[in-house]
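Inspection log for the structure reproduced underneath, given as structure tokens.
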Amino acid sequence: TSDFKVYYRPLAAGIHVDTLVFFMNSDSTSGDTVLLSGYSYDPALSYFQGFEGTFPPEKWTNTTITGHAWERSSSYKNSGTYSAKFTGSGYSGYQGTLITPVLDLTNGTTDSLKYYLKNDEWYGDQNECHVYISTDLGSSWTLITSHTTDVDDFTKYSHSLEELYSQTDSTLIKFLG
């Protein structure tokens, strides 16, 4: 029995199927064949946003609805130096939105939204974060999820955007704090 690793670096995005043939010992007449398959994504089609630079990031919209907007924070961060944080100086009634730039979901095959969230409860006041999607440049919004319970540590959340939402080149994601 032998363990070995196989690294495969496709040159194009999409589904790939290939065959690996290997020979054991010096017997070059009876190769064993393994069928390999996998998916490769094009980094040019993916979108990642950190909060290390200016805030809000380029083409993002940060809007105060009542009381406060989102801010860049170095005291609450998951990785890097900064994160986006919604904060208020009172216990209720404050809302603000942080909206992504327009995203094109027409080219991907497995679009998903992934983010880390820490959602503290402060002496009986539960912070909330609601996540929405718009596939028509913000004319209408559909709730993806609501975070309404205490999350003491940064937790990764992932939501498929394939099955429930239209794949358009006019998509926005909104975080409502």
Side-chain angles (χ1 to χ4, degrees), residues 13 39-177:
Y39 178 79
S40 171
Y41 74 96
D42 182 347
L45 300 177
S46 64
Y47 182 78
F48 170 81
Q49 180 63 61
F51 299 100
E52 300 301 311
T54 59
F55 193 87
E58 185 177 349
K59 298 184 181 180
W60 284 60
T61 305
N62 185 14
T63 304
T64 300
I65 297 174
T66 54
H68 298 282
W70 290 77
E71 65 184 27
R72 186 173 78 157
S73 171
S74 61
S75 58
Y76 290 93
K77 58 191 180 293
N78 179 54
S79 63
T81 306
Y82 298 100
S83 68
K85 177 184 175 190
F86 184 79
T87 187
S89 59
Y91 286 104
S92 64
Y94 297 104
Q95 284 190 321
T97 60
L98 188 60
I99 301 174
T100 65
V102 175
L103 305 172
D104 183 353
L105 301 184
T106 61
N107 293 324
T109 59
T110 56
D111 295 313
S112 63
L113 170 66
K114 297 176 184 178
Y115 56 91
Y116 287 87
L117 176 88
K118 180 177 179 180
N119 198 37
D120 288 328
E121 179 264 331
W122 296 94
Y123 305 104
D125 178 45
Q126 178 60 60
N127 293 331
E128 296 184 358
C129 180
H130 308 278
V131 184
Y132 294 86
I133 187 171
S134 172
T135 57
D136 57 10
L137 295 176
S139 294
S140 61
W141 294 93
T142 301
L143 181 67
I144 295 174
T145 192
S146 290
H147 300 282
T148 59
T149 59
D150 189 35
V151 181
D152 291 328
D153 298 311
F154 278 100
T155 303
K156 184 178 183 179
Y157 293 90
S158 181
H159 306 282
S160 172
L161 303 179
E162 288 296 312
E163 299 168 7
L164 302 176
Y165 311 104
S166 299
Q167 303 300 290
T168 72
D169 61 357
S170 305
T171 302
L172 298 167
I173 303 293
K174 173 171 66 176
F175 296 89
L176 170 66

Pairing residues for Ser79 by the side chain to side chain donor-acceptor pair (under 3.5 Å) criterion, not counting sequence neighbours = none

Side-chain donor-acceptor pairs of residues 168-177 under 3.5 Å, sequence neighbours excluded:
from	atom 1	to	atom 2	distance (Å)
Thr168	OG1	Thr135	O	3.1
Thr168	OG1	Ser170	N	3.1
Thr168	OG1	Thr171	OG1	3.1
Thr171	OG1	Thr168	O	3.3

Leu143 to Thr145 - nearest heavy-atom pair and separation = CD1-O, 3.3 Å

List the atom of Ala69, the atom of Asn62, and the distance in Å for their closest heavy-atom pair.
-> CB-OD1, 3.4 Å

From CD1 (Ile133) to CD1 (Ile144), nearest 0.5 Å = 4.5 Å

Pro57 meets the side-chain contact (heavy atoms from CB on, under 4.5 Å) criterion, sequence neighbours left out, with Gln49, Phe51, Phe55, Trp60

For Lys59, check side-chain contact (heavy atoms from CB on, under 4.5 Å) against everything at least two apart and list the hits.
-> Pro101

Taking the side chain as every heavy atom from C-beta outward, state whether Thr142 and Tyr165 have any atom pair closer than 4.5 Å.
-> yes

Rounded distance (nearest 0.5 Å) linking atom NZ of Lys118 with atom OG1 of Thr155 = 10.0 Å

Say whether, by atom type as modelled, one donor and one acceptor occur between the side chain of Glu162 and the main chain of Asp111 under 3.5 angstrom.
-> yes

Looking only at atom types and distance, does a side-chain atom of Asn119 sit under 3.5 Å from a main-chain N or O of Thr149, one as donor and one as acceptor?
-> yes

Who are the side-chain contact (heavy atoms from CB on, under 4.5 Å) partners of Asp153, not counting sequence neighbours?
-> none

Contacts of Tyr115 meeting side chain to side chain donor-acceptor pair (under 3.5 Å) (sequence neighbours excluded), chain-then-number -> His147, His159

Those residues at least two apart in sequence (or on a different chain) that pass side-chain contact (heavy atoms from CB on, under 4.5 Å) with Thr61 are Thr63, Ile99

To the nearest 0.5 Å, tell me how far Leu98 CG sits from Glu71 CD.
-> 11.5 Å

Please answer whether the main-chain N or O of Tyr82 pairs with a side-chain N or O of Glu52 as donor and acceptor at a distance below 3.5 Å.
-> yes

Sorted by chain and number, sequence neighbours left out, side chain to side chain donor-acceptor pair (under 3.5 Å) with Ser146 holds for His130

Cys129 to Trp70 - nearest heavy-atom pair and separation = SG-CH2, 4.2 Å

For Asp136, check side chain to side chain donor-acceptor pair (under 3.5 Å) against everything at least two apart and list the hits.
-> Ser134, Ser140

